[in-house]
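Inspection log for the structure reproduced underneath, given as structure tokens.
Letters A, B, ... mirror the listed sequences (proteins, then strands); counts begin at 1.
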Amino acid sequence: MALDEEIYELRRQKLQQIEALGQRTYPTKYEFTHTLPQIVTDYSPKTGEELESARVNVRVAGRIVAIRLMGKASFSHLQQGGQKLQIYIKKDAVGEQGWDLFKLLDLGDHIGVSGYLFRTRTGELSVHVESITFLSKDLRPLPEKWHGLTDVELRYRQRYVDLVVNPEVRDVFLKRSRLVQSLRRTFDSHNFVEVETPMMQPIAGGAVARPFVTHHNTLDMDLYLRIAPELYLKRLVVGGLDRVYEINRNFRNEGLGWRWNPEFTMLEAYQAYTDYQGIMNLTQEAITEAAKAVNGSPISKWTVSEDGKDTVHELDWSNWQRFTMREAILKFWPEKAGAKPEMSDFSSPDRIKALVTRFNAAHSHMAYDPNEPAGKTIASLFESVAEEHLTQPTIIYEFPTAVSPLSKQKPDEPDWTERFEIFAGQMEISNGFSELNDPEDQRRRFEAQLKERERGDEEAHQMDEDYIRALSYGMPPAGGVGIGVDRVCMLLTDSHTIRDVILFPLLRPEKGSAAENAKNPDHQ
RNA sequence: GGGCGCGUAGCUCAAUUGGCAGAGCAACUGACUCUUAAUCAGUAGGUUGAAGGUUCGAUUCCUUCCGCGCUCACCA
């Protein structure tokens with residue numbers, strides 16, 4: 001029998017002995033007077049004398065995370081609400097039965113205790129226990145108390161254990177909650193209405209990505225998990241919901257990586273009667289407010305590892321830079337690639353091609369397809385030249401029309417659109433634009449995308465006739481934006497993989513699991 | 001999908017050139033009524049991810065498979 005099975009069996013037997021002592025093994029509730037965080041904040045300032053002169057009786061519950069047994073007395077720590085509190089159990093104080101119960105407890109068990117607060121000889125705030133109530137058994141051993149759980153695979157597969165033993169993990173997800181709350185607060189305060197639109201869509205539109213496919217049996221139709229809520233939210237703007245937003249999951253059937261998980265959380269917002277500048281300012285405000293709400297300051301730490309050396313950057317969310325895409329290419333043009341380009345270098349496909357040739361000769365190779373539209377090449381060039389330099393919050397605006405099928409063109413430069421993206425920590429975290437609302441222009445853009453599709457671009461947009469019909473009823477001018485909530489969370493918590501800000505990231509199924517058997521039904 | 005790397009006790013990690021698989025914590029037994037990584041004495045715990053191969057002998061070398069990580073590709 002493997003060791004963990006032995007322990008499981010042993011603890012099951014202890015559970016029976018606990019029952020024999022007159023305790024319920026899985027009781028339904030415990031009335032406590034304080035949470036552990038309440039006790040820590042309320043009574044940490046009190047001295048031992050103060051606690052003695054005005055006795056504070058408490059009932060608290062928690063998971064046992066440490067036991068130090070000394071003959072007929074013991075110190076233990078309870079953990080609950082992200083805090084730990086020491087409890088002192090003495091045979092004299094809890095009686096024969098209480099002591100017998102205590103000796104049957106293991107690390108990881110849940111108990112409730114009642115008693116009074118005091119300070120030990122070394123000054124630690126503790127509960128002098130007078131009675132113990134058994135609440136629930138941990139039948140499996142917790143990971144080692146000192147090193148915790150470090151195996152990343154186990155941490156993701158058994159997040160519940162990760163959360164018990166690694167307090168910093170709990171902290172990240174509490175911060176994530178504050179982040180989402182703050183984003184809601186900002187959009188609510190600007191009179192946006194929060195809505196929910198379909199996650200299962202007959203056409204996966206609103207972004208450029210490969211979708212997941214599923215099937216509805218009764219209607220006998222394929223459906224796509226949404227890659228973006230965009231086209232539905234804009235239908236709502238047509239319908240007169242002038243300010244709408246949605247926070248929910250998008251699904252993209254693409255590779256995994258430190259910035260990519262197949263399902264991720266996006267906030268999308270649309271505001272009528274404003275343009276990309278208006279929505280840009282609102283987005284900047286929302287992220288700045290979120291940074292303050294999460295960390296209590298607009299500054300967040302961002303650790304970058306290079307050649308085994310850590311550099312800690314301070315991201316300042318109250319100080320944003322703004323460049324057009326073309327300015328950014330000029331600004332970050334590598335010295336090795338010769339003289340900085342000029343604005344006129346973007347004016348014709350030949351001159352753009354010359355830029356790519358110069359860049360590729362000097363720098364790492366950038367993928368380039370001479371048949372692709374010139375705007376697409378410029379966008380790739382931007383990514384290769386500038387993205388790695390965008391550590392501090394930076395807004396890049398004016399994107400090529402060729403890569404922006406849903407944005408409005410600049411009135412004076414039809415090859416460029418009123419679109420922006422926000423970068424920080426070398427990641428794209430947000431994307432917004434003046435929404436295209438001319439139904440005939442939209443149809444032409446979709447048709448251009450269909451050509452890209454024929455050219456082999458599986459991710460190019462499909463035609464969405466109902467969306468064009470909606471626009472033809474008249475959509476007011478509007479600005480819209482998407483914010484990658486997971487990535488913002490990474491930046492605000494110095495997390496360098498998206499799996500550290502998603503509670504249950506996608507992993508391959510465990511061997512022998514139901515999911516694994518479902519994958520290979522023949523093997524059963 | 002390609003390349004590189006990792007997988008040893010429940011957890012965190014060792015094992016020299018291919019030569020007896022080991023430690024700390026956790027567990028178990030005992031001592032201990034103010035400890036805090038409690039301490040002290042003792043006990044048990046292993047198909048070294050799986051299968052095969054080379055060898056007198058494999059944790060170590062080779063092949064395949066499984067899982068994970070990094071990276072490239074993909075991913076506005």
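For a distance-only test at 3.5 Å, the side chain of A:Thr120 qualifies as a donor-acceptor partner of the base of B:U35. At a cut-off of 3.5 angstrom, the base of B:U35 holds no donor-acceptor pair with the side chain of A:Glu124. Within 3.5 Å, a donor on the side chain of A:Trp260 pairs with an acceptor on the base of B:C75, or the reverse.
On the P atoms, B:C11 is 13 Å away from B:U47, given to the nearest whole Å. When the C1' atom is used for both B:G46 and B:G10, the distance is 12 Å, rounded to whole Å. For the C1' atom pair drawn from B:A50 and B:C66, the interatomic distance equals 7 Å after rounding to whole Å. Nucleotides B:C61 and B:A73 have their P atoms positioned 31 Å apart, rounded to a whole Å. B:G53 and B:G45 are spaced 31 Å apart, taking the C1' atom of each and rounding to whole Å. B:G18 and B:G24 have their C1' atoms separated by 28 Å, with the value rounded to a whole Å. Comparing B:C40 with B:U35, their C1' atoms sit 15 Å apart, to the nearest whole Å. Remark: the separation of the C1' atoms in B:A51 and B:U16 is 30 Å, to the nearest Å.
Here the side chain of A:Leu149 is nearest to one of B:U12, B:C34, B:A38, namely B:U12. Distance from the side chain of A:Ile7 is smallest for B:A27 among the nucleotides B:U71, B:C34, B:A27. Out of B:A27, B:C25, B:G67, the shortest distance to the side chain of A:Leu107 is found at B:A27. The A:Asp151 side chain lies nearest to B:U12 when the options are B:C28, B:U12, B:A26. In the set B:C28, B:U12, B:C68, the nucleotide with an atom closest to the side chain of A:Leu507 is B:C68.
Residue contacts for A:Gly257: at a heavy-atom cut-off of 4.0 Å it reaches no nucleic acid atom on any strand shown. As judged by a 4.0 angstrom heavy-atom cut-off over every strand, A:Arg155 is placed among residues making no nucleic acid contact. Residue contacts for A:Val152: at a heavy-atom cut-off of 4.0 Å it reaches the sugar-phosphate backbone alone, with no base atom in range. Residue contacts shown for A:Lys14 are limited to sugar-phosphate atoms, with no base heavy atom under 4.0 Å away. A:Glu383 comes within 4.0 angstrom of the backbone, heavy atoms only, and of no base. Using a 4.0 Å heavy-atom cutoff across all strands shown, A:Phe264 reaches no nucleic acid atom at all.
If you take CD of A:Glu153 and C1' of B:G7, they are 9 Å apart, rounded to a whole angstrom. The distance from atom CG of A:Leu256 to atom P of B:A73 is 16 Å, rounded to the nearest whole Å. Atom-to-atom, CG of A:Leu142 to P of B:A9 comes out at 18 Å; the value is rounded to the nearest Å. Here the C1' atom of nucleotide B:G67 and the OH atom of A:Tyr156 are 15 Å apart, to the nearest Å. In this structure, A:Gln86 atom CD and B:A37 atom C1' are separated by 14 Å, rounded to whole Å. A straight line from NZ of A:Lys145 to C1' of B:G10 spans 15 Å, rounded to a whole angstrom. In this structure, the CD atom of A:Glu372 is 11 Å from the P atom of B:C74, given to the nearest Å. Atoms NZ (A:Lys103) and P (B:C28) sit 13 Å apart, rounded to a whole Å.
Atom OG1 in A:Thr497 sits 10.5 Å away from atom CG in A:Asp486 (nearest 0.5 Å). Here A:Tyr43 contributes atom OH and A:Ser126 contributes atom OG; the two are 15.0 Å apart, rounded to the nearest 0.5 Å.
Taking only side-chain nitrogens and oxygens, A:Arg140 never comes nearer than 4.0 Å to OP1 or OP2 of B:C11. Side-chain N/O atoms of A:Arg508 include one lying less than 4.0 angstrom from OP1 or OP2 on B:G67.
Using cut-offs of 30° and 60° for the angle between ring planes, the A:Trp333 and A:Phe359 rings count as tilted. Using the six-membered ring where Trp is involved, A:Phe118 and A:Tyr88 have ring planes that are tilted, between 30° and 60° apart.
Against RNA chain B, the stretch residues 63-82 of chain A makes heavy-atom approaches under 4.0 Å through A:Arg68, A:Leu69, A:Met70, A:Gly71, A:Lys72, A:Ala73, A:Phe75, A:His77.
A:Leu139 has its side chain within reach of A:Arg12: a pair of non-hydrogen atoms, C-beta onward, lies under 4.5 Å apart. By the 4.5 Å heavy-atom criterion applied to side chains, A:Ile498 and A:Arg259 are not counted as neighbours.
Between A:Lys90 and A:Glu254, the residue anchored nearer the 5' end of RNA chain B, judged by the nucleotide with its closest heavy atom, is A:Lys90. Ranked by how close their nearest RNA chain B nucleotide is to the 5' end, A:Glu421 and A:Pro143 are led by A:Pro143.
Two rings, from A:Phe399 and A:Tyr276, have their centers 6.0 Å or more apart.
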Can you give the donor-acceptor pairs under 3.5 Å from side chains of residues 160-167 of chain A to other protein atoms, not counting sequence neighbours?
residue: A:Asp162; atom: OD1; partner: A:Arg155; partner atom: NE; Å: 2.9
residue: A:Asp162; atom: OD1; partner: A:Asn166; partner atom: ND2; Å: 2.6
residue: A:Asp162; atom: OD2; partner: A:Arg155; partner atom: NE; Å: 3.2
residue: A:Asp162; atom: OD2; partner: A:Arg155; partner atom: NH2; Å: 3.4
residue: A:Asp162; atom: OD2; partner: A:Arg159; partner atom: NH1; Å: 2.8
residue: A:Asn166; atom: ND2; partner: A:Leu149; partner atom: O; Å: 3.0

Report task. Show your reasoning for whether side-chain contact (heavy atoms from CB on, under 4.5 Å) applies to A:Phe433 and A:Ser404. Result -> CA-CA 9 Å; A:Phe433 35 89; A:Ser404 312; over 6 Å; no
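When each of A:Asp345, A:Thr324, A:Ile396, A:Ile378 is tested with A:Ile329 by the rule side chain to side chain contact (heavy atoms under 4.5 Å, CB included), just one qualifies, namely A:Ile378.
Comment: A:Arg252 does not engage A:Glu263 in a salt bridge, judged by the lack of any side-chain N to carboxylate O separation of less than 4.0 angstrom.
At distances below 3.5 Å, at least one donor-acceptor pair connects side-chain atoms of A:Gln442 with backbone N or O atoms of A:Pro405.
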Report summary line: Output field dot_bracket for RNA chain B (Watson-Crick or G-U, both distances under 3.5 Å, | for other-strand pairs) contains (((((((..((((.....[..)))).(((((.......))))).....(((((..]....))))))))))))....
